[in-house]
Amino acid sequence: MNRKPNTVAVVRLAAEKSEQARRRTREAMESLQQQGKRINFTTVCATANVSKTFLYDPRHADLAEEIRRLRELPRQRTPTAQPSRGKSESAKDAQIARLKERVHQLEQRINALQQENELLYGRLASTQGGM
């Protein structure tokens, strides 16, 4: 029997796994910042349970850049500095975070669809070349 691997499912699962790791990484950065803890690649990796290789991958350059930016900021000495912000500011930040998350999800979906397109174009070219 000649079975072709289900590459569409593999690509989809890989994209989902990557997106989950991205989400954990963003949550870890936010948590470390709120706690006034040091933010660097080691602490983010440990908190988010991701590898440094994951963060240094060019596909996740935005996360690495954000870590670099945050590690240059002075740490908050007291984690209670946040409550001084108004509720509307917190709501705005939450909205921004949700929108950024949605953008990242859509970017991942676009990448998965582009890979699937390339695969299908390759299959099409190979079947047309054999005629």
Side-chain angles (χ1 to χ4, degrees):
M1 232 189 303
N2 186 7
R3 291 187 186 205
K4 293 184 180 182
N6 190 351
T7 55
V8 174
V10 171
V11 169
R12 182 180 51 79
L13 291 173
E16 287 175 9
K17 183 178 175 184
S18 178
E19 188 54 40
Q20 289 170 356
R22 289 180 62 83
R23 188 176 12 260
R24 286 194 316 269
T25 302
R26 284 191 293 279
E27 289 170 356
M29 287 188 287
E30 184 178 321
S31 174
L32 290 168
Q33 191 175 24
Q34 287 175 352
Q35 296 171 20
K37 293 186 178 178
R38 183 174 304 234
I39 296 177
N40 57 42
F41 285 90
T42 302
T43 58
V44 171
C45 286
T47 305
N49 194 26
V50 297
S51 68
K52 286 183 184 176
T53 305
F54 174 82
L55 293 177
Y56 285 116
D57 188 305
R59 292 174 289 188
H60 310 293
D62 60 317
L63 295 175
E65 184 58 38
E66 182 68 7
I67 292 170
R68 288 184 192 99
R69 185 186 69 76
L70 291 173
R71 75 177 173 194
E72 297 301 321
L73 296 176
R75 286 191 291 171
Q76 294 177 347
R77 295 294 175 213
T78 59
T80 57
Q82 287 284 340
S84 65
R85 294 175 55 178
K87 254 188 173 180
S88 62
E89 278 297 313
S90 296
K92 288 178 188 177
D93 288 346
Q95 178 78 22
I96 289 169
R98 284 192 300 273
L99 291 172
K100 284 183 178 180
E101 177 67 26
R102 180 71 176 142
V103 167
H104 287 297
Q105 288 174 347
L106 291 172
E107 287 172 344
Q108 290 293 322
R109 181 69 179 138
I110 288 168
N111 287 339
L113 290 171
Q114 286 173 339
Q115 289 176 352
E116 186 178 348
N117 247 359
E118 290 174 15
L119 178 70
L120 293 172
Y121 275 126
R123 286 183 184 167
L124 181 63
S126 68
T127 58
Q128 288 180 348
M131 290 184 166

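Keep in mind that the numbers below use all heavy atoms, side chains included, and drop hydrogens, waters and symmetry copies. Since we're looking at a predicted model, the values are computed, not measured.
In this view, Glu27 satisfies the side-chain hydrogen bond (donor to acceptor under 3.5 Å, both in side chains) rule with no residue, not counting sequence neighbours. Applying the salt bridge (Lys or Arg N to Asp or Glu O under 4.0 Å) test to Arg71 and every residue at least two apart in sequence or in another chain returns nothing. Take Asn40 and apply the side-chain hydrogen bond (donor to acceptor under 3.5 Å, both in side chains) test, not counting sequence neighbours, and it matches Thr43. Every side-chain hydrogen bond (donor to acceptor under 3.5 Å, both in side chains) that Arg98 has, sequence neighbours left out, goes to Gln95. For Glu65, the side chain to side chain contact (heavy atoms under 4.5 Å, CB included) partners are Arg68, not counting sequence neighbours. Applying the side chain to side chain contact (heavy atoms under 4.5 Å, CB included) rule to Leu124 yields the partners Thr127, Gln128; only residues at least two apart in sequence or on another chain are considered. Not counting sequence neighbours, the partners of Ala48 by the side chain to side chain contact (heavy atoms under 4.5 Å, CB included) test are Arg24, Thr25, Ala28, Val50. Applying the side-chain hydrogen bond (donor to acceptor under 3.5 Å, both in side chains) test to Arg59 and every residue at least two apart in sequence or in another chain returns Asp57. With sequence neighbours excluded, the residues forming a side chain to side chain contact (heavy atoms under 4.5 Å, CB included) with Ser51 are Thr53, Phe54, listed by chain and number.
Legend: ring-ring contact (aromatic ring centres under 6.0 Å, His included) pairs involving residues 15-51, not counting sequence neighbours, sorted by first then second residue: Phe41-Tyr56.
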side-chain hydrogen bond (donor to acceptor under 3.5 Å, both in side chains) between Lys52 and Thr42: does it pass, once the steps are laid out? CA-CA 7 Å; Lys52 286 183 184 176; Thr42 302; 3.2 Å; yes

Passes side-chain contact (heavy atoms from CB on, under 4.5 Å), Arg123 versus Thr7? Steps please. CA-CA 12 Å; Arg123 286 183 184 167; Thr7 55; 3.6 Å; yes

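The distance from atom OG1 of Thr47 to atom CD of Glu30, rounded to the nearest 0.5 Å, is 13.0 Å. Note that CD of Gln115 is 7.0 Å distant from CD of Glu118, once rounded to the nearest 0.5 Å. To the nearest 0.5 Å, atoms CD1 (Ile67) and SG (Cys45) are separated by 6.5 Å. Leu63 CG to Leu55 CG: the interatomic distance, rounded to the nearest 0.5 Å, is 6.5 Å. The distance from the CG atom of Leu32 to the CG atom of Leu70 is 9.5 Å, given to the nearest 0.5 Å. Note that CG of Leu99 is 10.0 Å distant from CZ of Arg102, once rounded to the nearest 0.5 Å.
The hydrophobic clustering, which links ILVMFWY residues whose side-chain heavy atoms are closer than 4.5 Å, places Val103 and Ile110 apart. The hydrophobic cluster containing Val10 does not contain Leu113, counting ILVMFWY residues as joined when their side-chain heavy atoms lie under 4.5 angstrom apart, directly or transitively.
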Which donor-acceptor pairs under 3.5 Å do the side chains of residues 11-23 make with protein atoms, sequence neighbours left out?
| unit_1 | atom_1 | unit_2 | atom_2 | d |
| --- | --- | --- | --- | --- |
| Arg12 | NH1 | Glu16 | OE2 | 3.1 |
| Glu19 | OE2 | Arg26 | NH2 | 3.3 |
| Arg22 | NH1 | His60 | ND1 | 3.0 |
| Arg22 | NH1 | Asp62 | OD1 | 3.2 |
| Arg22 | NH2 | Asp62 | OD1 | 3.2 |
| Arg22 | NH2 | Asp62 | OD2 | 2.5 |
| Arg22 | NH2 | His104 | ND1 | 2.7 |
| Arg23 | NH1 | Glu101 | OE2 | 2.8 |

